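Step one of this worksheet: look at the structure below.
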Number of protein chains: 2
Amino acid sequence: MLIPDAYSADCPTRQVLDRVADKWAVLLLGLLSREPMRFNRLRRTVEGLSQKVLAQTLRSLERDGLVTRSVFPTVPVTVEYAITPLGMTLAQTVDQLRIWAETHMPEVAACQRRYDAARAEAA
Amino acid sequence: MLIPDAYSADCPTRQVLDRVADKWAVLLLGLLSREPMRFNRLRRTVEGLSQKVLAQTLRSLERDGLVTRSVFPTVPVTVEYAITPLGMTLAQTVDQLRIWAETHMPEVAACQRRYDAARAEAA
DNA sequence: CTGAATCCTACCGGATACTG
DNA sequence: CAGTATCCGGTAGGATTCAG
C-alpha cells in the first residue's frame, strides 16, 4: 500500500507521518475544523492535554500552515486559532480514521479480550 | 468534524487514535498490506526501527487483531506476520494519509520555511 | 487570558547480551 | 531466526511559577 521509499528515513512521506502521528494534533485539528477557538477553550475541551503541550502543538500546526493564530489587542489579550483551507483538507482525511474507529472499535476490543484471555490462560 | 465525546479521556475513539498515532504501526501495516513478511525482513526494511520496538509494535498489532503471527516449526524457527481482513480495512484508510502527504507535502514545507523565516527575522 | 521559563521525573527506546 | 532481559541515557511532558 505504502510506497517503498516511505521506509527510508529521509522520505518526505515519513516526515508528514511524523506530524500526523500526533494524537493531540489530530484532536485539535478536528476541533478547529468545526469552529475557531481560543486557547483556554481548547485546553478545557481536550481532556488530559496540558497547557504546555497544547502550546507546542498549536505552534507546530501553525508552522505547518494547518491553523492560523490571530491576536486581538483586547484586555486581557484574546488569541483565536482557526483552521486553514490546507488544514481542512487534512482534517477531512483524518476524519476517515474516526469513522473507521467508530465502525471497528468493537471488533478491536473483542480481539484484545481474546488475546489477553489466551495469554492469561497460558500463564 | 470529530464528535464531542472524542475529547474525553475514556472515549473509544481516542483509544483507537492512540494506536493509529503510532508511526511504526502505520508503516508496518502498510508493508504487510502488500505481502506477509518475517521478523528480520521487516526489521531490515523499516529504517530506524529497532528490534525491540518492532517486537512491541507487532505484539500490539496482533493483540488488536490487525495482524496474525504464524510460527512454522522449521530449524531455525520461522515466524511470519500477515495482515488480517480487519487490518486491511485500516491500512486502506491510513493509506489516504499517504496520498494526502504526497499531495500537500510541498505546500506544508513552504509554510514551514515561511514561518521559520518570519521568526528568524523577528529575532 | 495566553503564554514562556524552569525544574524535575517517568518512561521510551537504544545498545548489548543471552536463549530456544 | 526470532525474540526476551537488562541496563541506561535522553527527552517528552507534568507541575509550578512568572510575565505581557
Side-chain angles (χ1 to χ4, degrees), chain A residues 7 9 14-15 17-28 31-32 35-63 67-83 115 118-120 122-123, chain B residues 7 9 14 17-28 31-32 35-63 67-83 115-116 118-120 122-123:
Chain A
Y7 302 102
R14 204 152 113 175
Q15 294 174 27
L17 193 55
D18 283 344
R19 305 173 185 288
V20 173
D22 179 341
K23 179 176 64 173
W24 302 125
V26 170
L27 249 16
L28 291 174
L31 268 178
L32 294 175
E35 54 173 342
M37 286 201 206
R38 303 194 7 215
F39 189 86
N40 273 340
R41 173 117 182 272
L42 289 167
R43 174 156 166 51
R44 282 191 307 269
T45 305
V46 182
E47 198 172 314
L49 174 57
S50 74
Q51 138 265 45
K52 179 182 179 177
V53 174
L54 173 58
Q56 285 175 356
T57 306
L58 285 173
R59 238 182 297 127
S60 290
L61 289 173
E62 188 196 1
R63 189 173 103 97
V67 309
T68 58
R69 177 178 182 275
S70 305
V71 181
F72 301 99
T74 54
V75 180
V77 65
T78 300
V79 179
E80 187 172 84
Y81 291 91
I83 200 165
Y115 182 92
R119 294 220 101 200
Chain B
Y7 302 100
R14 205 153 112 173
L17 193 55
D18 283 342
R19 304 175 186 289
V20 173
D22 178 340
K23 179 176 64 172
W24 301 126
V26 169
L27 249 16
L28 290 174
L31 268 180
L32 293 176
E35 56 173 340
M37 285 201 209
R38 295 176 34 196
F39 189 86
N40 275 337
R41 173 118 181 270
L42 289 168
R43 175 157 165 51
R44 282 192 308 269
T45 305
V46 183
E47 198 172 315
L49 173 58
S50 73
Q51 132 268 43
K52 179 181 177 178
V53 174
L54 173 58
Q56 285 175 353
T57 307
L58 285 173
R59 237 183 293 129
S60 291
L61 290 174
E62 189 197 358
R63 188 172 103 98
V67 308
T68 57
R69 178 178 182 273
S70 305
V71 181
F72 301 99
T74 54
V75 181
V77 66
T78 300
V79 179
E80 188 173 84
Y81 292 90
I83 200 166
Y115 182 92
D116 294 341
R119 295 220 99 202

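Just so you know, these numbers come straight off a predicted model, no measurement behind them. Residue numbers begin at 1 in each chain, while the letters A, B, ... track the order of the sequences.
- In this structure, B:Phe72 atom CZ and C:dG20 atom P are separated by 23 Å, rounded to whole Å.
- Here the side chains of A:Tyr7 and B:Leu27 are in contact, with some heavy-atom distance below 4.5 Å.
- Put simply, CG on B:Leu54 is 16 Å from C1' on C:dA15, counting in whole angstrom units.
- One atom, CG of A:Leu49, and another, C1' of D:dG14, lie 12 Å apart when rounded to the nearest Å.
- Side-chain contact check for B:Leu58 versus B:Glu62: every heavy-atom pair is 4.5 Å or farther apart.
- If you take CG of B:Leu61 and P of D:dG3, they are 13 Å apart, rounded to a whole angstrom.
- Distance NZ (B:Lys23) to P (D:dA12): 12 Å, rounded to an integer number of Å.
- Put simply, the side chain of A:Arg59 reaches to within 4.5 Å of the side chain of B:Tyr115, judged on heavy atoms.
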Could you run down the sub-3.5 Å N/O contacts of the protein with nucleotides 2-6 of chain C?
residue : atom : partner : partner atom : Å
C:dT2   : OP1  : A:Arg38 : NE           : 3.0
C:dT2   : OP2  : A:Asn40 : N            : 2.9
C:dT2   : OP2  : A:Asn40 : ND2          : 3.2
C:dG3   : OP1  : A:Arg69 : NE           : 3.1
C:dG3   : OP1  : A:Arg69 : NH2          : 2.4
C:dG3   : OP2  : A:Tyr81 : OH           : 2.6
C:dA4   : N6   : A:Gln51 : NE2          : 2.7

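- Among all heavy-atom pairs drawn from B:Glu80 and B:Arg38, the shortest one is CA-CG, 4.3 Å.
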Exercise. Quick one: do A:Leu42 and A:Leu49 satisfy side chain to side chain contact (heavy atoms under 4.5 Å, CB included)? Show the steps, please.
Key: CA-CA 9 Å; A:Leu42 289 167; A:Leu49 174 57; over 6 Å; no
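- Distance CE (A:Met37) to C1' (C:dC1): 17 Å, rounded to an integer number of Å.
- Of all non-hydrogen atoms in B:Tyr81 and B:Val79, the two that sit nearest each other are CE1-CG1, 3.8 Å.
- For C:dG14, the OP1/OP2 oxygens have a side-chain nitrogen or oxygen of B:Ser50 closer than 4.0 Å.
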